[in-house]
Every structure is written in structure tokens, then in C-alpha cells.
Amino acid sequence: MAIKHATTQSFDQDVKEGVVLVDFWAAWCGPCRMIAPVLEELDQEMGDQVQIIKLDVDENPEVAGAFQIQSIPTLMMFKDGQPVSKTMGFQPKEALKEFIATAQ
């Protein structure tokens, strides 16, 4: 699966089914740019187990506010539309794999 870019309008539908990892990010954020290739690798390796979605907090402040996102990158796991866990800051690939496994 390819990484999807969510908007305020699409967010609820995007996280509605299955296991979804949401990356709350912004273009100006250095750690966000560092984690992007890691997420691409995870998508290639685990795309059949988890959908990865990116949400730009500058373009979609309503969603970021609803989930009380105060620092980025923040990664949230959703299962069937419900948030189940959250982590902040850059994470290496192995740590993200474990983070995803906890939500499955």
C-alpha cells in the first residue's frame, strides 16, 4: 500500500477500518523529515498489516487539536477508528515495528 495523505475531511474515513498508523507532521519539522523514509520502508515491509497515513498539522489544525497534538512528529495508532496508542519524536524502524505490533 502507498502512504496516504489525510485531510480534515477524509480523516475519520481514513482511520475507520483496520490498523492505521497516523503520522502528525509538518513540512518545516526536521524530525518529521527524518522519520519520513523510515515510514516509507515500513509501508513497503508491512503495508499488508498496517495502513500508514500522514496528516499535515499546519493544513489540518482541527484534527491535530482534536487529538491534542502538541509536538511533532507524533505517531498515533488507530484500530477500527479508535486511538489505541501514541508516541512522539523520531523513532528508529525497529521501535516503530514494536509500536505497530502493540496495536494489532
Aromatic plane relationship, F67 with F24 - under 30° parallel, 30 to 60° tilted, over 60° perpendicular: tilted
Given L75 and F99, is the side chain to side chain contact (heavy atoms under 4.5 Å, CB included) satisfied, shown in steps? CA-CA 9 Å; L75 301 168; F99 179 65; 4.2 Å; yes
For the residue pair M76 and I69, establish whether any side-chain heavy-atom pair is separated by less than 4.5 Å. yes
Using modelled atom types and a 3.5 Å cut-off, is there a donor and acceptor pairing between side-chain atoms of D58 and backbone atoms of A26? no
Worked check of side chain to side chain contact (heavy atoms under 4.5 Å, CB included) between M88 and Q70: CA-CA 10 Å; M88 292 178 277; Q70 297 179 353; over 6 Å; no
Spacing of CD belonging to Q91 relative to CD belonging to E98, to within rounding of 0.5 Å: 10.0 Å
Hydrophobic clusters here meaning ILVMFWY residues chained together by side-chain heavy-atom distances under 4.5 Å, can you tell me if V20 and V84 are in one? no
Can you label the angle between the F78 ring and the F11 ring as parallel, tilted or perpendicular, going by 30° and 60°? perpendicular
Step-by-step side chain to side chain contact (heavy atoms under 4.5 Å, CB included) determination, M77 to K86: CA-CA 6 Å; M77 291 299 306; K86 173 164 84 170; over 6 Å; no
Residues which pass side-chain hydrogen bond (donor to acceptor under 3.5 Å, both in side chains) with K16, listed by chain and number, not counting sequence neighbours: none
Can you tell me which residue among L42, I53, D23, L39 is in a side-chain contact (heavy atoms from CB on, under 4.5 Å) with I3? L39
Check whether any side-chain heavy atom of I35 lies under 4.5 Å from a side-chain heavy atom of L96, and answer yes or no. yes
Hits for side-chain hydrogen bond (donor to acceptor under 3.5 Å, both in side chains) against D14, two or more places apart or cross-chain, chain-then-number order -> K4, S10
Find out whether Q51 and E17 are in side-chain contact, i.e. whether some heavy atom of one side chain is under 4.5 Å from a heavy atom of the other. no
Say you draw a straight line from CG of L55 to CD of E62; how long is it, rounded to the nearest 0.5 Å? 9.5 Å
With distance as the sole criterion, is a donor-acceptor pair present between the side chains of N60 and T8 under 3.5 Å? yes
Identify the heavy atoms of K54 and A36 that sit nearest to each other, and give their distance. NZ-CB, 4.2 Å
Please report the interatomic distance CD1(I52) to CD(Q44), rounded to the nearest 0.5 Å. 10.0 Å
Within the side chain of Q68, is there an N or O that forms a donor-acceptor pair under 3.5 Å with the backbone of G65? no
Kindly determine whether M46 and I100 satisfy side chain to side chain contact (heavy atoms under 4.5 Å, CB included), including the steps that lead there. CA-CA 10 Å; M46 302 179 73; I100 292 167; 3.8 Å; yes
